[in-house]
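Here's the structure, in structure tokens; my notes come after.
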Protein chains: 2
Amino acid sequence: MGDGARHIPEATVSRLPVYLRSLAELLDDNVPTVSSERLAEMAGVNAAKVRKDLSYLGSYGTRGVGYEVEYLAFQMSRELGLTRDWPVAIMGAGNLGQALANYGGFTDRGFPVACLIDADESKVGTRIHGIPVYAPADLPGLVQELGISIGIIATPATVAQAVADHVVASGIKSILNFAPTVINVPEGTFLRKVDLALELQVLSFYQEHRTPDRV
Amino acid sequence: MGDGARHIPEATVSRLPVYLRSLAELLDDNVPTVSSERLAEMAGVNAAKVRKDLSYLGSYGTRGVGYEVEYLAFQMSRELGLTRDWPVAIMGAGNLGQALANYGGFTDRGFPVACLIDADESKVGTRIHGIPVYAPADLPGLVQELGISIGIIATPATVAQAVADHVVASGIKSILNFAPTVINVPEGTFLRKVDLALELQVLSFYQEHRTPDRV
DNA sequence: GGTGCTTTGTGAACGTGTGCACGAGCGGGG
DNA sequence: CCCCGCTCGTGCACACGTTCACAAAGCACC
Ligand SMILES: NC(=O)c1ccc[n+]([C@@H]2O[C@H](COP(=O)([O-])OP(=O)(O)OC[C@H]3O[C@@H](n4cnc5c(N)ncnc54)[C@H](O)[C@@H]3O)[C@@H](O)[C@H]2O)c1
Ligand SMILES: NC(=O)c1ccc[n+]([C@@H]2O[C@H](COP(=O)([O-])OP(=O)(O)OC[C@H]3O[C@@H](n4cnc5c(N)ncnc54)[C@H](O)[C@@H]3O)[C@@H](O)[C@H]2O)c1
């Protein structure tokens with residue numbers, strides 16, 4: 001039965017995890033249904049946007065009532081591909097890589113840290129917070145064995161492109177880059193970045209250009 | 001002298017730091033001028049976008065030649081408010097807060113970590129990587145003394161809103177939130193978020209919905 | 001079974017961002 | 001001094017995203 005040939009806009013995709021988190025809260029509180037208005041408030045957006053976003057998933061609401069929390073959460077998880085685990089490999093077992101490895105929030109949400117990869121021979125073979133550290137050359141085998149599907153780049157910026165190339169060559173199709181540099185990946189590989197210095201600079205821009213206090 | 005009543009689009013503001021980083025690289029290599037095409041390649045965008053973005057800063061290019069690297073970098077730094085330091089306070093000296101405190105990339109770019117703030121009494125009074133840890137009650141005084149202008153929230157999500165409220169009440173106008181929850185701030189306070197689980201979920205969405213390999 | 005209240009789903013208008021295409025203007029060479 | 005090639009700056013058309021506003025549709029109560 002045609003699932004509907006809908007194409008979900010990128011902006012909507014980025015909001016789905018926020019809605020899902022709100023739904024999880026409601027589930028915890030045993031709230032059975034939720035209106036777009038309430039969900040909008042929890043997600044920090046407006047109600048029309050919530051309704052339009054949810055409509056891309058299908059018509060899962062009931063007019064006059066709202067959305068059934070559990071059912072909507074399930075449909076959304078399915079859409080986001082969260083009905084299975086996505087093991088991740090963290091590239092670079094330094095300051096950041098170790099902090100990420102120590103973070104429970106990933107495993108909880110279906111993104112178990114399968115391994116750390118580091119070029120530093122003295123780190124290879126050790127375990128960090130229980131997670132084994134391997135050499136870069138081991139990556140292709142690990143991808144096969146452990147079904148690793150996401151690579152997190154936490155190496156110095158200077159080697160980030162080379163590391164990304166290696167990650168792609170090892171068969172990984174999704175990359176999250178923390179190194180403050182632009183990296184290029186071939187078509188068919190998904191890339192997102194987290195750039196802290198950029199965020200701070202954007203903040204300093206707006207603070208510098210503060211709208212003069214209006215009445 | 002009207003500086004020009006230009007209003008820079010948000011999307012452009014987010015790209016300026018990327019251009020600036022590219023310009024810094026060129027400066028290192030003693031490259032005197034750069035074309036929009038080359039800059040576009042380095043920043044991973046297209047040339048028309050670069051030219052349009054830069055035009056919001058003013059007419060700093062020379063037709064037939066390109067942009068003078070040093071001059072453009074200066075103008076961009078000025079626009080981003082990077083001609084002065086913006087001391088930051090990190091809220092929460094846990095796993096993430098400590099990793100951030102240990103990261104040199106902030107100070108290098110004009111965002112020195114002035115202090116860590118933690119509610120845990122046993123941490124207060126210690127130093128982490130040379131950065132002193134204070135109690136939440138000390139924050140307003142520190143904001144005054146050290147000129148802290150940005151607060152980074154690295155506390156558990158459950159207390160993030162309360163911490164944000166405290167940060168705002170202490171006189172800080174810009175917040176970068178790492179806690180995976182929506183927080184609200186009053187008008188006039190700038191808020192940006194870094195949400196790792198969201199990024200991973202977006203990646204899993206696209207990997208799940210991979211466009212069937214086209215010829 | 002009808003009436004009225006509530007809330008969804010979506011067309012349409014608006015605003016923002018992107019990318020092409022080309023005229024304007026500069027530098028260099030003859 | 002003029003001409004030619006190069007690259008910027010920008011008007012314009014298009015795509016994408018947001019918001020409004022309202023008809024459609026369900027529920028509850030009588
Ligand atoms: N630490 C932070 O809080 C923070 C914040 C924002 C961004 N970043 C960025 O994250 C990256 C890592 O930062 P960090 O502080 O962890 O640095 P780090 O120097 O502590 O760690 C880098 C690690 O990468 C390893 N490495 C080097 N080359 C490698 C290769 N080719 N393959 C695999 N591993 C390799 C090194 O051995 C080292 O263990 C940097 O690009 C940094 O700019 C860090
Ligand atoms: N660790 C990571 O790699 C990582 C990655 C992504 C997101 N996060 C998010 O960042 C936040 C911090 O993560 P973490 O791993 O550092 O947690 P953590 O538990 O290690 O640290 C939290 C710290 O905040 C302190 N704290 C608690 N209440 C406080 C208050 N009211 N005021 C000031 N400090 C307070 C605690 O004492 C503790 O030191 C969490 O919201 C987490 O979801 C962490």
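Letters A, B, ... mirror the listed sequences (proteins, then strands); counts begin at 1. The figures here come from the full heavy-atom set of this structure, side chains too, leaving out hydrogens, waters and symmetry mates.
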With side chain to side chain donor-acceptor pair (under 3.5 Å) as the rule and sequence neighbours excluded, what pairs involving residues 152-162 of chain A come up? A:Q161-A:D165
Which residues pass the ring pair (Phe, Tyr, Trp, His ring centres under 6.0 Å) test with A:Y71, sequence neighbours left out? A:Y60
Do the side chains of A:V113 and A:Y103 get nearer than 4.5 Å, heavy atoms only? no
Quick note, side chain to side chain donor-acceptor pair (under 3.5 Å) partners involving residues 168-182 of chain A, not counting sequence neighbours, are A:S174-B:Q207
Heavy atoms, side chains only, cut-off 4.5 Å: are A:V202 and B:F190 in contact? no
Those residues at least two apart in sequence (or on a different chain) that pass side chain to side chain contact (heavy atoms under 4.5 Å, CB included) with B:L146 are B:A114, B:L142, B:I148
Non-neighbouring partners of B:E68 that pass salt bridge (charged side-chain N to carboxylate O under 4.0 Å, His left out), sequence neighbours left out: none
Give me the first and last nucleotide of DNA chain C, going 5' to 3', that has any atom under 4.0 Å from a heavy atom of chain B. C:dG17 to C:dG27
Counting only heavy atoms and a strict 4.0 angstrom limit, can you tell me which residues of residues 31-48 of chain A come near DNA chain D? A:N46, A:A48
Tell me the side chain to side chain donor-acceptor pair (under 3.5 Å) pairs involving residues 25-46 of chain B, sequence neighbours left out? B:S36-B:R51
Span of DNA chain D engaged by chain B, first through last nucleotide within the 4.0 Å heavy-atom cut-off, is D:dC6 to D:dC12
Relative to the 5' end of DNA chain D, which residue comes earlier, A:T12 or A:T62, by the nucleotide with the nearest heavy atom? A:T12
Side chain to side chain, A:L54 and A:Y19, heavy atoms closer than 4.5 Å: yes
For A:R63, enumerate each residue passing the side chain to side chain contact (heavy atoms under 4.5 Å, CB included) test, keeping only those at least two apart in sequence or located in another chain. none
Hey, which of these two, A:K52 or A:S59, hits DNA chain C nearer its 5' end, going by closest nucleotide? A:S59
Please check if atom CD in A:E70 has more than 12 non-hydrogen atoms from other residues, nucleotides or ligands closer than 6.0 Å. no
How would you list, by chain and number, every residue that makes a side chain to side chain donor-acceptor pair (under 3.5 Å) with B:D118, sequence neighbours excluded? none
Just so I know, are the side chains of A:L200 and B:R109 near enough to count as touching, which here means a heavy-atom distance under 4.5 Å? no
So which of residues 65-77 of chain B are in contact with DNA chain D, with a heavy-atom cut-off of under 4.0 Å? B:V65, B:G66, B:Y67
